[in-house]
Q: 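One structure is given below, represented as structure tokens, and several questions about it will come after.
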Amino acid sequence: MPEMMPAVAVRPGTPHSLHPTSLPRPAAGPGEVLVKVLRVGVCGTDMEIIEDKFGTAPPGAEALVLGHEVFGVVESAGPGAAMAPGTFVTTTVRRPGDCPPCLTGQGDFCADLAYTEHGIIGLHGFMTEHFVERPEWLIEVPAALERVGILTEPLSVVEKALQQATLIQRRIDSWQPRTALVIGAGPIGLLGTLLLRSRGMDVVTVARRAAPNAPSAIIEAAGGRYVSINDESLAGIATTLPPIDVIFECSGNARVAFDATRVLGNNGVLVLLSITGGDATTPIPLDQINREFVLGNKVMVGSVNSSRVHFEAGVEDLARFERLWPGLTERLITRRLPGLDAWSQITQRERDGIKTVIEVG
Ligand SMILES: [Zn+2]
């Protein structure tokens, strides 16, 4: 009998089936390293998987082990694996299929949606004690970032967003973004705010909750401005600002995403980051949006997931955030659950909470 280790899983097809389970403790094979899980982040995607909005078990399995945000330490290396024990690591989530972008290292642009994703689609996640992986999927995190390294995955999502915006805006020789709007103040919105602030932009972040609250305090400490959408409409906020050069939409609400098209400045770029699970319909002012996009050379672009380059940029920016605002990034982690035994608490909403992590190791 193999030695077993605890894990936390759902049964895809059954809503609210979160349960403790166990997996065989793995050993590093040739070219692989064994990673000890130190902590796992919990995010909105996990909640949607628990509600059975999506999520697929690995082939032949009934359960899917949750968890795609992981921070760990290399415990041992198999033959031929060049990664030293003691190295702190995180890992990309998606494993590519065989379409052209996948085959050229851009699985985040998978064209035929034939990828797998740890803890989401077809591969077990990291809510367990150990996993094995090839070093090509692992990203080294300096020991100095041990307290915040778990945020590399959500940060990589906005790193990709900023990279996309920057690549697109090379179309305008004189482009110099000064004013940014971030919609949503969850972990993605907050990390997006810090990222845009770290690039010297004036950033206004809007969300529903009345200020002051935990996100508004973080935003203001980074020199940004928080506005509750309950106090002022998006259009009203925009009239107080210079032309908005960049918008990150991470509210989780498609109506807000289309409202954002109306406040984007000329030559601006709106990056959509919310995976909205519903099927809402609403009348929208087609002619106005179309006219404003044509006359203003505006761009709206979707962006999902992230690749190794975005994780590497994330690690660099976590260090930059620490230099700019010592200790601030860690304030995104508002709840640390004491081990996998506390699994049932991940679905309990935390008052004024931002990010929950499970302290596994
Ligand atoms: Zn693909």
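One-based numbering, in listed order, for ligands and for the atoms of each. Positions are given from 1 along the sequence.
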Q: Where is the tightest heavy-atom contact between Trp137 and Arg94, given as atom of each residue plus distance?
A: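 Result for this residue pair: CZ3-O, 4.4 Å.
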Q: May I ask whether Leu155 and Leu138 are part of the same hydrophobic cluster, defined by side-chain heavy atoms of I, L, V, M, F, W, Y residues being less than 4.5 angstrom apart, directly or through others?
A: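 Result: no, two separate clusters.
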Q: Mind listing the closest non-hydrogen atom pair of Val8 and Trp343 along with its distance?
A: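 Scanning both residues, the minimum pair turns out to be CG2-CB, 3.5 Å.
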Q: Is any side-chain heavy atom of Arg208 closer than 4.5 Å to one of Ser228?
A: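 No - every pair of side-chain heavy atoms lies 4.5 Å or more apart.
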Q: Do side-chain atoms of Arg209 reach the backbone of Ser216 as a donor and acceptor pair under 3.5 angstrom?
A: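 Not at all, since once roles are kept as given, no pair shorter than 3.5 Å links the two residues.
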Q: Strictly distance-based, threshold 3.5 Å: is any side-chain N or O of Thr334 a donor or acceptor partner for the main-chain N or O of Ile354?
A: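 A pair under 3.5 Å: yes.
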Q: What protein N/O/S atoms are found closer than 2.8 Å to the Zn ion (ligand 1)?
A: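 Counting only protein N, O or S atoms under 2.8 Å from the Zn ion (ligand 1), the list reads Cys99 SG, Cys102 SG, Cys110 SG.
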